[in-house]
Amino acid sequence: MSLLVVGSVAFDAIQTPFHEAERVLGGAATYFSVAASHFAKVSLVGVVGDDFTAKDAAIFKGRKIDVRGLERAAGKTFFWAGRYSADMNDRTTLTTELNVFAAFNPKLPREYTGLSYLFLANIDPALQLSVLTQMNKRPRIVALDTMNYWIERTPEQLKEILKHVDILMINDTETRQLSSEHNLLRAARAIFKLGPHTLIIKRGEYGAMMVHKNSVAIVPAFPLEEVQDPTGAGDSFAGGFMGHLARAGRLNEAELRRAMVYGSVMGSFTVERFGLERLARVKPAEIKARARHFTRLTRFNL
Ligand code: AMP
């Protein structure tokens, strides 16, 4: 089964307490695609500028990623700069330059319009809606990620697209901001009224929580001795999660819980090194081994 993703392909400037980089390849759709391609074929919709070289595009090569929907436009590629706090749990956005995304009007290749699993990665909700409306049938699952930038600037467009979303995947701060509720379970109830029937709350080093109408599931973050750069962890989580669902082809509680584990596994690889360094090199056997390790991490008898 094939997955469709729309989202940012970007250059990032990242400051952590240990290291700084002025310009590394990033973007929500980039992390998502690389992570998800270990599980299923991914078709990518986005735009890059004329500063995006063949060397940058090599990240998509040799993987199950179809980039026919990645347009090239005159101008600069999306640019984001962020700084992490000393404990890496908080992040401040320093700069967001939409650049070629500001005027982007995606035109879906015809082969993309019948895909069953759609991930609307973090980008302008108007673009997310444009992709959804170009599908020739309603995908089996529509999942969406967003962030404070869009919650604050485009709340009406975000509410519009949320009406069509099954699974919302955001972090705890965004959950509180979007719902105006501090308690995450109450926040989930407020969010269900906006459209999604499932909420996945990404909580960094504390793992992730999935809330449906009637149940809650929790997965830890993989314990690591060294975290170098949390950028892209959420998108890699989404890639493992959606990738597993597309591969499984079934949608039930057990598969959703497994998808949470694969999400957490992919996020854990990303944070181990800077930018895409580790995720780009991860081997299928390492993914399997880490997923198996999760069963040991969480097993208990009563
Ligand atoms: P994450 O750490 O998973 O939340 O995502 C980090 C990625 O999101 C970075 O590589 C950025 O390029 C990208 N990003 C940051 N801000 C935005 C935004 N406003 N819209 C789209 N993508 C963004």
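Reckoned from all heavy atoms, side chains included, excluding hydrogens, waters and symmetry mates. Order of appearance sets the numbers: ligands from 1, and atoms from 1 within every ligand. Computed from a predicted model, the values in this text were never measured in an experiment. Numbers for residues simply follow the sequence, beginning at 1.
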Flag the pair Tyr262 / Phe39 as yes when their ring centroid distance falls below 6.0 Å, and as no otherwise. yes
Closest to atom 21 (C) of ligand 1 (judged by heavy-atom distance), picking from Asp145, Ile170, Leu25, Asn122: Asn122
Between Phe274 and His19, does a ring pair (Phe, Tyr, Trp, His ring centres under 6.0 Å) hold up when you go through it step by step? CA-CA 9 Å; Phe274 226 75; His19 191 67; 4.5 Å; yes
Considering both backbone and side-chain atoms of Thr231, is one of its nitrogen or oxygen atoms within less than 3.5 Å of a nitrogen or oxygen in ligand 1? no
Hey, which atoms in ligand 1 end up nearer than 4.0 Å to a heavy atom of Tyr149? 19 (N)
Atom 8 (O) of ligand 1: closest protein heavy atom, distance to 0.1 Å, is Ala28 N, 4.0 Å
Would you say Trp150 touches ligand 1, if touching means a heavy atom closer than 4.0 Å? yes
With a 4.0 Å cut-off on heavy atoms, does Phe237 reach ligand 1? no
Gly26 heavy atoms within 4.0 Å reach ligand 1 at atoms 10 (O)
Strictly distance-based, threshold 3.5 Å: is any side-chain N or O of Ser268 a donor or acceptor partner for the main-chain N or O of Val265? yes
Against heavy atoms of Met147, which atoms of ligand 1 measure under 4.0 Å? 15 (C), 16 (N), 17 (C), 18 (C), 19 (N)
shortest atom 4 (O) of ligand 1-to-protein heavy-atom contact is with Arg91 NH2, 3.1 Å
Could you find the nearest protein heavy atom to atom 12 (O) of ligand 1 and give me its residue, atom name and distance? Asp12 OD1, 2.6 Å
With a 4.0 Å heavy-atom cut-off (strictly under), which part of Ala233 contacts ligand 1: side chain, backbone, both or neither? backbone
Ligand 1 atoms nearer than 4.0 angstrom to some heavy atom of Ser8 are 13 (C), 21 (C), 22 (N), 23 (C)
Short list, please: which atoms of ligand 1 are under 4.0 Å from a heavy atom of Gly234? 3 (O)
For Asp172 and Tyr206, which I'm curious about, is there any donor-acceptor pair between the side chains at under 3.5 Å? no
For the side chain of Gln128 and the backbone of Asp145, is there at least one donor-acceptor N/O pair under 3.5 Å apart? yes
Donor-acceptor under 3.5 Å (Lys41 side chain, Lys64 main chain): no
Nearest option to atom 1 (P) of ligand 1, as decided by whichever heavy atom of Val9, Asp235, Asn148 sits closest: Asp235
Quick check with a 6.0 Å cut-off and a 45 degree axis cone: is Arg68 positioned over the face of Tyr112's six-membered ring? no
For the backbone of Ile59 and the side chain of Arg63, can you confirm whether one donor and one acceptor N or O come within less than 3.5 Å of each other? yes
Gly27 heavy atoms within 4.0 Å reach ligand 1 at atoms 9 (C), 10 (O), 12 (O)
Please report whether the ring centroid of Phe222 lies less than 6.0 Å from that of Phe294. yes
Heavy-atom proximity to atom 2 (O) of ligand 1, picking from Ala10, Ala81, Gly232, points to Gly232
State if Tyr31 counts as touching ligand 1 under the rule of any non-hydrogen atom under 4.0 Å. yes
Is it the case that the side chain of Asp51 and the backbone of Thr77 share a donor-acceptor pair, with hydrogens and angles ignored and the cut-off at 3.5 Å? yes
Taking atom types as modelled, find out whether Thr95 and Trp80 have a side-chain donor-acceptor pair closer than 3.5 angstrom. no
